[in-house]
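As structure tokens, the structure follows; a few thoughts come after it.
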2 protein chains.
Amino acid sequence: MPDATTERPYHHGNLRTALLDAAERSLREHGADRLALRDLAREIGVSHAAPRRHFPDRQALLDALAEAGFARLDAVLRSALAGADDDFAARVRAAAVVYARFATENAALLELMYTSKHRAGATRIVAAAEAPMRLLAEVITEGQAQGALEPGDPERIGIILFATLQGIASLVNGNFVPPDRLDGLVETAVEQFLRGARPAS
Amino acid sequence: MPDATTERPYHHGNLRTALLDAAERSLREHGADRLALRDLAREIGVSHAAPRRHFPDRQALLDALAEAGFARLDAVLRSALAGADDDFAARVRAAAVVYARFATENAALLELMYTSKHRAGATRIVAAAEAPMRLLAEVITEGQAQGALEPGDPERIGIILFATLQGIASLVNGNFVPPDRLDGLVETAVEQFLRGARPAS
DNA sequence: CCTACTATGTTGCTCATGACAACATTTGCC
DNA sequence: GGCAAATGTTGTCATGAGCAACATAGTAGG
């Protein structure tokens, strides 16, 4: 019987979600290294072993966070593109700005997302990453159709754009470049990209 | 008195270096997460508390590894550039290829190097990173002098090149892109960079 | 030489965490 | 209603980080 005052039913209801939420906050505040399952359990008010019912081990939770991160990134990008002009340059700019913002506002999460190395079972993460990458590739394809871009494998070109943005964000997140230079760098990168990948006149 | 057979003098001689070496191997084999000071101590044959005399805590060791990593990267880049042609495009290509190789052959180390977030005292790492960045900027400056590049802050342009390469390596290291595409991507990225940053004709 | 003094290692703790097992309570389905 | 699967709980173990007190080895003056 639940205690009327503390209101703690035996079953939490949706511990999994609560864990992911708490984990994301912890990630943001303290980084992945200091994220402890037991902390989350305490914070939520369940026993220290409860998380195990939803995530076999710590890494599984981190993987789930990364996976969700890519989904969110995809959503954010899609939303930005939906609101953007039809002009190819404008669309690339919009995507780039949004990506950069997402990447710097969720630095620790980004790290998690791209740090799948050394785990065999990162298949889900890689799959989740395909959505935003395909999205970029689609934008590229549009650009090629508009004649703004040289022909060629759109995926390859998209990957390079993706990589450039990720690299810039990574340099900012690592304090190698002051944050106030972010926008300028992204802008220059996009300009160069547009110039470098346009058809030979 | 040292035991003649086990040959273990009370003082190791240069534990610090031994620790860094062992740490780098462990990093390469198991990743930063599973790097344990006690493991290193065991492997080297000293007591579990010995590392503390050289690194106040685990993070300090990781920081030292990252710092050394940037030094090595700088050396590798310098060496590649020293052996490269005077031609600007050739120099950029050489640097890019070497960077990409270093980054993918030392994936876990690279991660450490760029993951200084969330630590206040990462000053040394950031400082160490300046060497290779300056090097890139110098190459850019040369290119501008040769007229192969548009004028403008060489640092900014160098950062973008740097970021692009880092991003590509990161995507490969994270298994988001198959390793055999690395060379092609780097090449394309360099071509686009050279086209995108050259002076408006 | 011999005596501090400092650097470097060692032993022995404490504490936290992840992982696991055995048990308890719900929930839902037949 | 009753049984099986979910979901939580308590208890335990192994491991590692960090700290303190102690031991040993170089080293620098006197």
Side-chain angles (χ1 to χ4, degrees), chain A residues 1-4 6-23 25-27 29-66 108 112 115 118-121, chain B residues 1-4 6-23 25-27 29-66 108 112 115 118-121:
Chain A
M1 189 210 309
D3 182 318
T6 54
E7 192 118 5
R8 196 183 301 162
Y10 192 92
H11 283 107
H12 177 281
N14 52 352
L15 222 202
R16 187 190 161 89
T17 306
L19 281 169
L20 286 173
D21 286 353
R25 213 160 358 120
S26 174
L27 180 66
E29 289 175 18
H30 311 293
D33 285 351
R34 287 207 284 164
L35 187 154
L37 293 182
R38 277 164 125 99
D39 270 347
L40 305 182
R42 267 190 290 271
E43 185 181 333
I44 295 174
V46 293
S47 79
H48 63 85
R52 208 173 149 58
R53 293 294 175 203
H54 301 274
F55 303 98
D57 60 14
R58 198 184 104 104
Q59 190 60 52
L61 207 193
L62 296 181
D63 285 356
L65 276 182
L112 218 50
T115 297
H118 274 296
R119 318 168 228 167
Chain B
M1 187 209 310
D3 182 316
T6 52
E7 191 116 9
R8 197 183 301 163
Y10 193 92
H11 284 108
H12 177 281
N14 51 351
L15 221 203
R16 188 191 161 88
T17 306
L19 280 169
L20 287 173
D21 287 353
R25 218 163 351 126
S26 175
L27 180 66
E29 289 175 21
H30 311 292
D33 285 351
R34 289 208 282 164
L35 186 154
L37 292 183
R38 277 162 126 98
D39 271 346
L40 305 181
R42 266 191 291 271
E43 184 181 333
I44 295 174
V46 293
S47 79
H48 65 85
R52 208 172 151 56
R53 294 292 176 203
H54 301 274
F55 302 98
D57 60 14
R58 196 185 107 104
Q59 191 58 54
L61 207 193
L62 295 181
D63 284 357
L65 275 182
L112 218 52
T115 298
H118 272 299
R119 316 170 229 165

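Quick note on labels: first sequence line is chain A, next is B, and so on, each numbered from 1.
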Exercise. Hey, could you give me the OG/CZ distance between A:Ser47 and A:Arg42, rounded to the nearest 0.5 Å?
Key: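 Answer for the OG-CZ pair, A:Ser47 versus A:Arg42, is 11.5 Å.
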Quiz item: Want to settle it: does B:Leu15 or B:Arg38 sit nearer the 5' end of DNA chain C, counting the closest nucleotide to each?
Solution: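 Final value for this comparison: B:Leu15.
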Quiz prompt | Closest-nucleotide ordering on DNA chain C, the 5'-leading residue of A:Asp39 and A:Ala49 | solution =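 Looking at the nearest nucleotide for each, A:Asp39 comes out on the 5' side.
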Just how far, in rounded Å, is [atom2] of [N] from [atom1] of [X]?
X: A:Phe55; N: C:dA19; atom1: CZ; atom2: P; answer: 13 Å
X: B:Arg16; N: C:dA7; atom1: CZ; atom2: P; answer: 15 Å
X: A:Asp33; N: D:dA17; atom1: CG; atom2: P; answer: 12 Å
X: A:Leu61; N: C:dA19; atom1: CG; atom2: C1'; answer: 15 Å
X: B:Glu43; N: D:dG16; atom1: CD; atom2: P; answer: 13 Å
X: B:Asp57; N: D:dA20; atom1: CG; atom2: C1'; answer: 17 Å
X: A:Leu37; N: C:dA19; atom1: CG; atom2: C1'; answer: 10 Å
X: B:Asn14; N: D:dG26; atom1: CG; atom2: C1'; answer: 15 Å

Quiz prompt | Among D:dA21, D:dG18, C:dA19, the one nearest B:Arg53 by side-chain distance | solution =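 The answer is D:dA21, which lies nearest to the side chain.
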Quiz item: Among C:dG18, C:dT10, D:dT10, which is the nearest nucleotide to the side chain of B:Ser47?
Solution: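 Nearest to the side chain of B:Ser47 among the choices is C:dT10.
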Please determine if a side-chain N or O atom of [X] lies less than 4.0 Å away from the OP1 or OP2 oxygen of [N].
X: A:Arg52; N: C:dC20; answer: yes
X: B:His54; N: C:dG9; answer: yes
X: A:Arg42; N: C:dT17; answer: yes

Practice problem: With the side chain counted from C-beta on, respond yes when A:Val46 and A:Leu40 share a heavy-atom pair under 4.5 Å apart, and no when they do not. | Solution: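 The answer is no; the side chains never approach within 4.5 Å.
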Practice problem: Evaluate the side-chain proximity of A:Arg58 to A:Leu35: yes if any heavy-atom separation is below 4.5 Å, no if none is. | Solution: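 A side-chain contact under 4.5 Å exists here.
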Quiz item: Got a sec, which residues hit salt bridge (Lys or Arg N to Asp or Glu O under 4.0 Å) with A:Arg16, two or more places apart in sequence or on another chain?
Solution: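 For A:Arg16, no residue satisfies salt bridge (Lys or Arg N to Asp or Glu O under 4.0 Å) once neighbours in sequence are set aside.
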Quiz prompt | Qualifying residue, where the test is side-chain contact (heavy atoms from CB on, under 4.5 Å) with B:Ile44 and the options are B:Asp39, B:Asp21, B:Leu15 | solution =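 The option that passes is B:Leu15.
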Quiz item: What is the nucleic acid contact for B:His48, judged by heavy atoms within less than 4.0 Å: base, sugar-phosphate only, or nothing?
Solution: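 The answer is base, as B:His48 lies within the cut-off (heavy atoms under 4.0 Å) of a base atom.
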Quiz item: With sugar-phosphate meaning primed atoms plus P, OP1 and OP2, does A:Ala50 contact a base, only sugar-phosphate, or nothing at under 4.0 Å between heavy atoms?
Solution: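 Base, at least one base atom sits under 4.0 Å.
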